[in-house]
Amino acid sequence: MLDLKFVRSNPDAVKEALEKRGAKVNLDEFLALEEQRRKTLAQVESLKNKRNTVSEEVGRLKRSGGDAAALVEEMRQVNQDIKELETKLAKLEEEMENSLYEIPNIPHASVPAGKDETDNQVARTWGEPPKFSFVPQAHWDIGEKLNILDFERGARVTGARFTFYKGLGSRLERALINFMLDTHSGKGYVEVFPPFMVHRHSMVGTGQLPKFEEDAFKVAGTEYFLIPTAEVPVTNMYREEILESDKLPIYHCAYSACFRAEAGAAGRDTRGLIRQHQFNKVELVKFVKPENSYEELEKLTADAEAILQALGLPYRVMALCSGDMGFSSAKTYDLEVWLPSFNTYREISSCSNFEDFQARRAGIKFRPAPKAKPEFVHTLNGSGLAIGRTVAAILENFQQEDGSVVIPPALRPYMGGLEVIR
RNA sequence: GGAGAGAUGGCUGAGUUGGUCGAAGGCGCUCGCCUGGAAAGCGAGUACACUGGGAUAACUGGUGUCGAGGGUUCGAAUCCCUCUCUCUCCGCCA
């Protein structure tokens with residue numbers, strides 16, 4: 001959420017930013033609403049002021065045995081007026097809040113302007129896509145032949161986009177989770193194991209709601225949502241808190257299952273592990289002081305990259321353009337891993353600086369100095385990494401002509417020393 | 001699931017026959033005095049949001065907030081209702 005006062009005093013800057021993003025928001029209508037709100041608020045407050053002063057007077061009169069009947073009668077009428085105005089005010093505030101919650105973040109100055117993913121820029125590439133002396137297979141074929149992935153039974157038990165991992169496949173998934181958590185923990189990220197369901201306010205806090213409710217799974221009979229990423233519970237860990245300045249920066253890493261409805265993705269990536277309703281992910285989350293947040297974004301991205309490098313997976317880093325960024329983000333780098341079956345790079349991590357956009361929604365502040373006025377922290381997060389896509393990348397990049405798959409050396413300690421899945 | 005107790009400021013803890021309570025006291029913290037320095041002691045200050053004035057300052061006016069939401073009342077931390085959470089006991093359970 002943007003700062004209301006900033007929007008009010010810099011309408012042109014906001015309009016320009018929204019245009020750069022390709023967002024459709026009627027800002028003039030919003031500003032007119034906001035002006036009306038303040039006018040009504042002033043009226044209500046002055047009436048309440050009157051009520052407070054007179055009530056005090058009534059108290060004084062009664063204690064000294066005077067007659068306050070006339071004043072009481074007058075206040076009855078004032079209360080009527082207050083009630084009416086408050087109803088009006090509540091309506092205005094609700095309307096305004098709804099619009100404010102649907103305005104996306106302002107892109108950082110360094111974000112390339114652009115309309116969609118074709119305008120994203122390659123920041124750097126690492127590693128070389130493998131050259132095969134045979135026709136490489138897709139990971140779903142490799143996985144089924146090795147009997148470590150079972151898509152058919154996943155669909156039979158639950159539905160499309162659900163999968164069983166079996167045997168060494170399941171072991172590989174678990175190994176990757178542990179490898180990533182251990183690696184990040186060693187770099188100062190404090191591991192947390194979050195709830196996999198959250199209430200609505202948390203979803204609003206990180207920006208999934210109210211605008212994108214159709215993307216989320218809501219648990220019937222409850223007010224809980226299945227988390228689409230650990231970002232939601234972990235960022236909201238500090239909601240409605242004022243953090244001590246010396247606690248910052250806070251780094252967390254967290255494993256969680258992630259649940260996404262994938263509304264609007266019907267027919268896309270229907271085979272394999274790339275787009276599942278449930279997948280595992282290790283997430284990195286940071287709470288930092290505003291002046292450091294862009295430096296922290298570079299470090300966060302590097303920490304996610306370190307996993308790909310340790311596994312020996314070729315990838316590239318994309319600086320997302322203004323039109324392709326997520327709703328809450330001010331700047332995003334996507335990490336894309338090479339997938340031979342697609343003959344291209346596919347997203348495996350997304351690292352973003354949200355500046356104070358999420359912090360304002362979730363009420364996460366810090367005190368810059370003792371006694372100083374609290375300010376919003378900057379929040380960042382990035383996948384480190386999506387596990388299912390990492391499995392796909394390993395199977396495809398390290399496949400052998402005989403259908404076996406070589407396990408990256410960094411992962412072998414987590415696989416009981418196993419070198420090859422065959 | 002059943003029975004009971006509770007939720008107050010950074011912490012602790014008063015206040016529940018409604019009225020001058022944003023809220024005593026203590027601790028902590030900040031600044032000052034004292035000291036060669038420190039402790040102790042003394043003095044002052046110490047919530048957040050919205051909103052008005054002011055320069056988008058210092059400062060200052062107002063409104064709201066005592067778990068959340070509603071109600072009664074001229075007036076609610078105090079009375080009533082609903083919800084949430086915490087604790088204790090019983091039951092159940094991985």
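Every chain is numbered from 1, with letters handed out A, B, ... down the list of sequences. What you see is a predicted model, and the numbers here were worked out from it, not measured in a lab.
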Discussion item. If you assign each of A/E93 and A/K48 to its closest nucleotide in RNA chain B, which residue comes earlier from the 5' end?
Written reply: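 Between the two, 5'-proximity favours A/E93.
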Discussion item. With nearest nucleotide decided by heavy atoms, which residue, A/K365 or A/V44, maps closer to the 5′ end of RNA chain B?
Written reply: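 It is A/K365, whose closest nucleotide lies nearer the 5' terminus.
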Using whole Å, what does the distance between atom [atom2] of nucleotide [N] and atom [atom1] of [X] come to?
{"X": "A/E56", "N": "B/rU20", "atom1": "CD", "atom2": "P", "answer": "8 Å"}
{"X": "A/D67", "N": "B/rC74", "atom1": "CG", "atom2": "P", "answer": "14 Å"}
{"X": "A/E86", "N": "B/rG71", "atom1": "CD", "atom2": "C1'", "answer": "14 Å"}
{"X": "A/E35", "N": "B/rC50", "atom1": "CD", "atom2": "C1'", "answer": "17 Å"}
{"X": "A/R51", "N": "B/rU72", "atom1": "CZ", "atom2": "P", "answer": "12 Å"}
{"X": "A/R200", "N": "B/rU84", "atom1": "CZ", "atom2": "P", "answer": "16 Å"}
{"X": "A/I82", "N": "B/rG64", "atom1": "CD1", "atom2": "P", "answer": "9 Å"}
{"X": "A/R367", "N": "B/rU46", "atom1": "CZ", "atom2": "P", "answer": "13 Å"}

It should be established whether [X] places a side-chain nitrogen or oxygen under 4.0 Å from OP1 or OP2 of nucleotide [N].
{"X": "A/R38", "N": "B/rU51", "value": "no"}
{"X": "A/K39", "N": "B/rU51", "value": "no"}
{"X": "A/R60", "N": "B/rC74", "value": "no"}
{"X": "A/N79", "N": "B/rG75", "value": "yes"}

Mind checking [X] for me? I need base, sugar-phosphate or nothing, with any heavy atom below 4.0 Å counting as a touch.
{"X": "A/V58", "value": "base"}
{"X": "A/K373", "value": "sugar-phosphate"}
{"X": "A/K62", "value": "base"}
{"X": "A/L71", "value": "nothing"}

When rounded to the nearest Å, what value does the distance between [atom1] atoms of [N] and [M] take?
{"N": "B/rG22", "M": "B/rG64", "atom1": "P", "value": "10 Å"}
{"N": "B/rU78", "M": "B/rU16", "atom1": "C1'", "value": "5 Å"}
{"N": "B/rU88", "M": "B/rG70", "atom1": "C1'", "value": "30 Å"}
{"N": "B/rC42", "M": "B/rG18", "atom1": "P", "value": "38 Å"}
{"N": "B/rU35", "M": "B/rU46", "atom1": "P", "value": "28 Å"}
{"N": "B/rC34", "M": "B/rU20", "atom1": "P", "value": "41 Å"}
{"N": "B/rA49", "M": "B/rG10", "atom1": "P", "value": "12 Å"}
{"N": "B/rC79", "M": "B/rC66", "atom1": "C1'", "value": "16 Å"}

Worksheet entry | Under 3.5 Å side-chain donor-acceptor pair for A/D334 and A/S350 |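 A/D334 vs A/S350: donor-acceptor pair found between side chains.
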Worksheet item: Do A/E223 and A/H199 get their side chains close enough for a donor-acceptor pair, meaning under 3.5 Å?
Response: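 Note: A/E223 and A/H199 side chains miss the donor-acceptor criterion.
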Item to complete: For A/G207 and A/R361, work out which heavy atoms get closest and say how close.
Response: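 Closest approach of A/G207 to A/R361, heavy atoms only: CA-NH1, 3.3 Å.
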Discussion item. If I compare all heavy atoms of A/H139 with all of A/L273, which pair ends up nearest, and what's the gap?
Written reply: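 The pair with the smallest heavy-atom distance is NE2-N, 2.8 Å.
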Which nucleotide wins on minimum distance to the side chain of [X], given the candidates [options]?
{"X": "A/K83", "options": "B/rU72, B/rU63, B/rG19", "value": "B/rU72"}
{"X": "A/P374", "options": "B/rC74, B/rC48, B/rU51", "value": "B/rC48"}
{"X": "A/N49", "options": "B/rG62, B/rC48, B/rC74", "value": "B/rG62"}

Worksheet entry | Note, A/L149 side chain near A/W140 side chain (heavy atom, < 4.5 Å) |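 A/L149 does not reach A/W140 side chain to side chain.
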Worksheet item: Heavy-atom distance under 4.5 Å between the side chains of A/Q208 and A/E231, does that happen here?
Response: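 Yes, their side chains come closer than 4.5 Å.
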Discussion item. So that I can tick it off, tell me whether A/R360 and A/D356 are bridged by a salt bridge, with the cut-off set at under 4.0 angstrom between side-chain N and carboxylate O.
Written reply: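 A salt bridge is present here (some side-chain N lies under 4.0 Å from a carboxylate O).
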Worksheet item: Any ion pair linking A/E45 and A/K48 (charged N to carboxylate O, less than 4.0 Å)?
Response: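 Looking at A/E45 together with A/K48, the answer is no, because their closest N to O distance does not fall below 4.0 Å.
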Item to complete: Mark yes when over 12 heavy atoms from residues, nucleotides or ligands other than A/E16 sit less than 6.0 Å from its CD; otherwise mark no.
Response: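 It does not: A/E16 CD has 12 such atoms or fewer within range.
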Item to complete: Sort by first number and list every stem of RNA chain B: at least 3 consecutive Watson-Crick or G-U wobble pairs, both distances under 3.5 Å.
Response: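 Stems for RNA chain B, defined as runs of 3 or more consecutive pairs: B:1-7 with B:84-90, B:10-12 with B:25-27, B:28-33 with B:41-46, B:47-53 with B:59-65, B:67-71 with B:79-83.
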